[in-house]
Amino acid sequence: MIDLIFPDGSQRQFEDGVTGRDVAASIAKSLEKKALLIELDGQLLDLDRVLPGGGAFKILTRESPEALETIRHDASHIMAEAVQELFPGTQVTIGPAIEDGFYYDFARETPFSLDDLASIEQRMKEIVDRDEKIVREVWDRKEAIAHFSDIGEAYKAEIITDLPEGETITVYRQGQWKDLCLGPHLPSTKHVGKAFKLTKLAGAYWRGDHRNAQLQRIYGTAWASEADLDAYLKRVEEAEKRDHRKIGRVMDLFHLQEEGRGMVFWHPKGWTLYRVVENYIRRRLEDGGYAEVRTPQIMDRSLWEASGHWEKFGASMFVCETDEGEELAVKPMNCPGHVQIFKVGQKSYRDLPLRMAEFGACHRYEPSGALHGIMRVRGFTQDDAHIFCREDQIEEETTRFVRLLNSIYGDFGVELHSVKLALRPDLRAGTDAVWDIAESKLDRAARQAVNMEVEALPGEGAFYGPKLEFHLRDAIGRTWQCGTLQLDFVLPERLDATYIAEDGSKQRPVMLHRAIAGSMERFLGMLIENYAGAFPLWLAPTQVVVTTITSDADDYAHQVVRELRAAGLRVEVDLRNEKINYKIREHSLTKTPVIAVVGRREAEEGKVALRRLGSDGQEILTLAQAAKALANEALPPDLARLSALAMAPGETLGAE
RNA sequence: GCCGCCUUAGCUCAGCCGGUAGAGCGACGCAUUCGUAAUGCGUAGGUCAGGUGUUCGAGUCACCUAGGCGGCACCA
């Protein structure tokens, strides 16, 4: 007998050998009909599988969020079945459920074309209609390998071969088709429903390794209902409107062109935004005890050899040779330059921690396929800094850094999506004991500073030390690493950085490489998507457009512009002989936060009518009131906090 | 870099089975002076990404090159 505890807390006993379906049937016939899967002690199981024991028991239906992943997984199997029916000779590999959908990787000589997706989708719907029972079978390892080899499924045979001895090999059969799979699955293909759509075609390497064969991946999305599918498609469409490349064009922020692939041409408005962000970060760094420096863009090969970059990073570096035979490299990172500054003169333990910051323009030769708008470029600027410190200062410096990062993200209104800790790689410098300390320090310090899980990434650290990664999410759900903190035991050694300790001995400092925005370009791309271009006043490139109803008010409009500019605001004027409706529409489309409309009435009364982006009401203020209120609102958050602290009545700090 | 798709006016996009290039917006000109998301009329804009080929004839078909987009790999 087994004991099952139901979600309402009630408990019942069942005979050994009972299946999830039996239990559902014992509750209600209607429940049995709706049941798709069961959850036993948090683990999903097939409905028709004999329960392996008792525990917390739950029946999942279409409506259960937990069932969605299985619906998607099944959809991928149905797609694989459809593909093998339509394109005999195609080998299957793996096909998991992913966020919002699923994919399946196939091995086939001739690539699929976009047109094939329609016929595959059609066949999938037929398979759903066939209502094929999905049956779990446990196979013997040798037999399974022999079977999959025989039918020409080399990849499946390889997967089984690589499974640890003693692992249960399960094969799921649906109709004539079968696939090696861990499961669980729905009772039959009918239950997957038809709320799915094949979305894209891509190449993908077998087991994610570019040295392996390239497979063909078909992506799809699948949902519990048509309504959910439509909502998803609409969401994607909306997200595409936030694309920073599109908004960058509409708002005239920047452009990219062939002759400078991966290099951003910042237009006046985009550069204004850039400078506002840079100056804000600069103030926060100064406030956080950093000193800003500037190091050369191009340095001799010998330095890059000494730092190890020539060997480890050479393939990504832009190099050049002079007529005199010098070999130079454009800097891909700022660290070697900073060590040079550290090494000038003698440093004492009293100088540590020494925090050296630079908005350092770096160039890296990124693979062409990696480029993406201004998010992934070849020329970018890091809000970089290196903290030279003693080993016992690592933890405190890390906590300080993560707090600063979190506060800065907060001021920009972006939300940290995840924090990851990249752990020691196979090839590494330093002893295990040092790595143990380094990893646990970073982990502890990060957890202390943010109330968030820290996901471990085994083997992904740099050869010289572990690395904390701070990820933000873009408009279409892709996540990007922005902030980072890397511990480095190696570079101070390679470039021979030392300080004099209390006992007079020479010691090696530890270096923390850290960045908050990461790349300014990427961070601005994130900001553009985060706000869909509708920036808060302090960030908006143009904060106010003053525009007239008729040319009678032109002179007054100029006066308004002068006063608002005197209050520190970024103001433009639009005196075009167009209807007010037209001008409002145009400035709204380019996301100007405040439109100040002036007509004869305002001119006579010395007032302005402020219209906020996204609202159709207006606020009539005197010119002096408007200037003061807007200037106050336009204060960057850090200065706003200062001014609130100062509480000096009537005093305002100039906005940028 | 690899796989797939795309590239037509400044922008967004039509262009059928191969028959000689279109729209809207924008720009420019003229008229209009108007009260909160598109005033009217007119004018100019194209080596159909570049190249080679097939064809009587190519924006359309084939191949090559470049760039872009979506993934993969790589990465801030």
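Not measured: the values here are computed from a predicted model. Numbered from 1 within each chain, the chains take letters A, B, ... in sequence-line order.
For B:rU33, the OP1/OP2 oxygens have no side-chain nitrogen or oxygen of A:Y582 closer than 4.0 Å. Taking side-chain N and O atoms only, A:H372 has no distance below 4.0 Å to OP1 or OP2 of B:rG71. Dashed line: the shortest gap from a side-chain N or O of A:N581 to OP1 or OP2 of B:rA37 is under 4.0 Å. At least one side-chain nitrogen or oxygen of A:R261 sits closer than 4.0 Å to the OP1 or OP2 atom of B:rG68. Using a 4.0 Å cut-off, no side-chain N or O of A:R217 falls inside it from OP1 or OP2 of B:rG70. Proximity of A:K583 to the phosphate of B:rA38: no side-chain N or O atom is located under 4.0 Å from OP1 or OP2. Residue A:R249 has a polar side-chain atom (N or O) positioned under 4.0 Å from OP1 or OP2 of B:rU12. Contact between the side-chain N/O atoms of A:R376 and the OP1/OP2 oxygens of B:rG71 is not found at any separation under 4.0 Å. For A:S551 and B:rU33, the shortest distance from a side-chain N or O to OP1 or OP2 is not below 4.0 Å. For B:rU33, neither phosphate oxygen OP1 nor OP2 lies less than 4.0 angstrom from any side-chain nitrogen or oxygen of A:R576.
The nearest whole Å value for the distance from the CD1 atom in A:I218 to the P atom in B:rC72 is 15 Å. If you measure from atom CD of A:E578 to atom P of B:rC25, you get 13 Å, rounded to the nearest angstrom. What separates CG of A:L371 from C1' of B:rC72 is a distance of 15 Å, to the nearest Å. Remark: C1' of B:rG67 and CD of A:E258 are 4 Å apart, rounded to the nearest angstrom. Separating the CG atom of A:L198 from the P atom of B:rC5 is a distance of 16 Å, rounded to the nearest angstrom. Separating the OH atom of A:Y365 from the P atom of B:rC75 is a distance of 16 Å, rounded to the nearest angstrom. Distance CD1 (A:I247) to P (B:rC11): 18 Å, rounded to an integer number of Å. Taking atom CZ of residue A:R585 and atom C1' of nucleotide B:rA38, one finds them 5 Å apart after rounding to whole Å.
On a pure distance criterion of 3.5 Å, no polar donor-acceptor pair joins the side chain of A:E259 and the base of B:rA66. Judged by atom type and distance alone, A:Q257 does not reach the base of B:rG68 through any side-chain donor-acceptor pair under 3.5 Å.
Straight-line distance between the P atoms of B:rA62 and B:rG24: roughly 32 Å, to the nearest whole Å. Only the C1' atoms considered, B:rU20 is 14 Å distant from B:rU47, to the nearest whole Å. Separation of the P atoms belonging to B:rA23 and B:rG18 is 24 Å when rounded to the nearest angstrom. A gap of 11 Å separates the C1' atoms of B:rG26 and B:rU12, to the nearest Å. To the nearest whole angstrom, the two P atoms, one in B:rC28 and one in B:rU36, are 26 Å apart. B:rU60 and B:rC64 are spaced 16 Å apart, taking the P atom of each and rounding to whole Å. Taking the P atom of each, B:rG51 and B:rA9 are spaced 16 Å apart, rounded to whole Å. B:rC11 and B:rC48 have their P atoms separated by 16 Å, given to the nearest Å.
No donor-acceptor pair closer than 3.5 Å links the side chain of A:T542 to the backbone N or O of A:V544. With hydrogens and angles disregarded, no donor-acceptor distance shorter than 3.5 Å links the side chain of A:Y280 to the backbone of A:L539. Remark: side-chain polar atoms of A:D383 are paired, donor with acceptor, to backbone N or O of A:I516 under 3.5 angstrom.
In this structure B:rU20 sits in no base pair that meets the Watson-Crick or G-U test at under 3.5 Å. Within the shown strands, B:rU65 is the pairing partner of B:rA49 under the Watson-Crick or G-U definition, both distances less than 3.5 Å. When Watson-Crick and G-U wobble pairs are counted only if both distances are under 3.5 Å, B:rG40 pairs with B:rC30. Under the Watson-Crick or G-U wobble criterion, with both distances below 3.5 Å, B:rG1 is paired with B:rC72. Nucleotide B:rC25 has B:rG10 as its partner under the Watson-Crick or G-U criteria, with both atom distances under 3.5 Å. The partner of B:rG57 is absent, by the rule that a Watson-Crick or G-U pair needs both atom distances under 3.5 Å.
Residue contacts for A:K467: at a heavy-atom cut-off of 4.0 Å it reaches the sugar-phosphate backbone alone, with no base atom in range. Base engagement by A:E366 is indicated by at least one non-hydrogen atom pair under 4.0 Å involving a base atom. Using a 4.0 Å heavy-atom cutoff across all strands shown, A:V377 reaches at least one base atom of the nucleic acid. Base contact: A:L589 has a heavy atom under 4.0 Å from a base atom. The residue A:S588 sits close to a base: some heavy atom pair falls under 4.0 Å. The residue A:P111 sits close only to the backbone: its heavy atoms come under 4.0 Å of sugar-phosphate atoms, none of a base. Using a 4.0 Å heavy-atom distance criterion, A:A609 is classed as a base contact. The residue A:I549 sits close to a base: some heavy atom pair falls under 4.0 Å.
Nearest nucleotide to the side chain of A:I584, out of B:rA76, B:rC34, B:rU36: B:rU36. Here B:rG71 is the nucleotide among B:rG71, B:rU36, B:rC74 with the atom lying nearest to any side-chain atom of A:A202. The nucleotide whose nearest atom lies closest to any side-chain atom of A:A370 is, among B:rC72, B:rA73, B:rC34, B:rA73. Which of B:rU39, B:rC72, B:rC3 sits closest to the side chain of A:A204 comes down to B:rC72. Checking B:rC5, B:rG70, B:rC72 against the side-chain heavy atoms of A:K200 singles out B:rG70 as nearest. When distances are taken from the side chain of A:Y205 to each of B:rG1, B:rA37, B:rG71, the shortest belongs to B:rG1.
Looking at heavy atoms from C-beta onward, A:H309 lies in side-chain contact with A:M333 at the 4.5 angstrom threshold.
For B:rA76, the base is stacked against the aromatic ring of A:F380, per a cut-off of 5.5 Å between centres and 30° between planes.
Of the candidates A:F102, A:F196, A:Y232, A:W223 forms a ring-ring contact (aromatic ring centres under 6.0 Å, His included) with just one, namely A:Y232. Residue A:E238 is tested with A:K241, A:K234, A:R242, A:R235 for a side chain to side chain donor-acceptor pair (under 3.5 Å); the sole match is A:K241.
Taking the six-membered ring where tryptophan is involved, the planes of A:F388 and A:H386 are tilted, since the angle between them lies from 30° to 60°. The aromatic rings of A:F254 and A:H244 sit tilted relative to each other, their planes meeting at an angle between 30° and 60°.
In this entry the base of B:rC17 is syn relative to its sugar, with a glycosidic angle within 90° of 0. For B:rG45, the base is syn relative to its sugar; the glycosidic angle is within 90° of 0.
Residue A:F112 is the one, among A:G208 and A:F112, whose nearest nucleotide of RNA chain B lies closer to the 5' end (criterion: closest heavy atom). Mapping A:T550 and A:G617 onto RNA chain B via the closest heavy atom, the residue that lands nearer the 5' end is A:T550.
Salt-bridge annotation for A:R424 and A:E439: present, with a side-chain N of the basic residue lying under 4.0 Å from a carboxylate O of the acidic one.
In this structure, a donor-acceptor pair under 3.5 Å is absent between the side chains of A:Q543 and A:E572.
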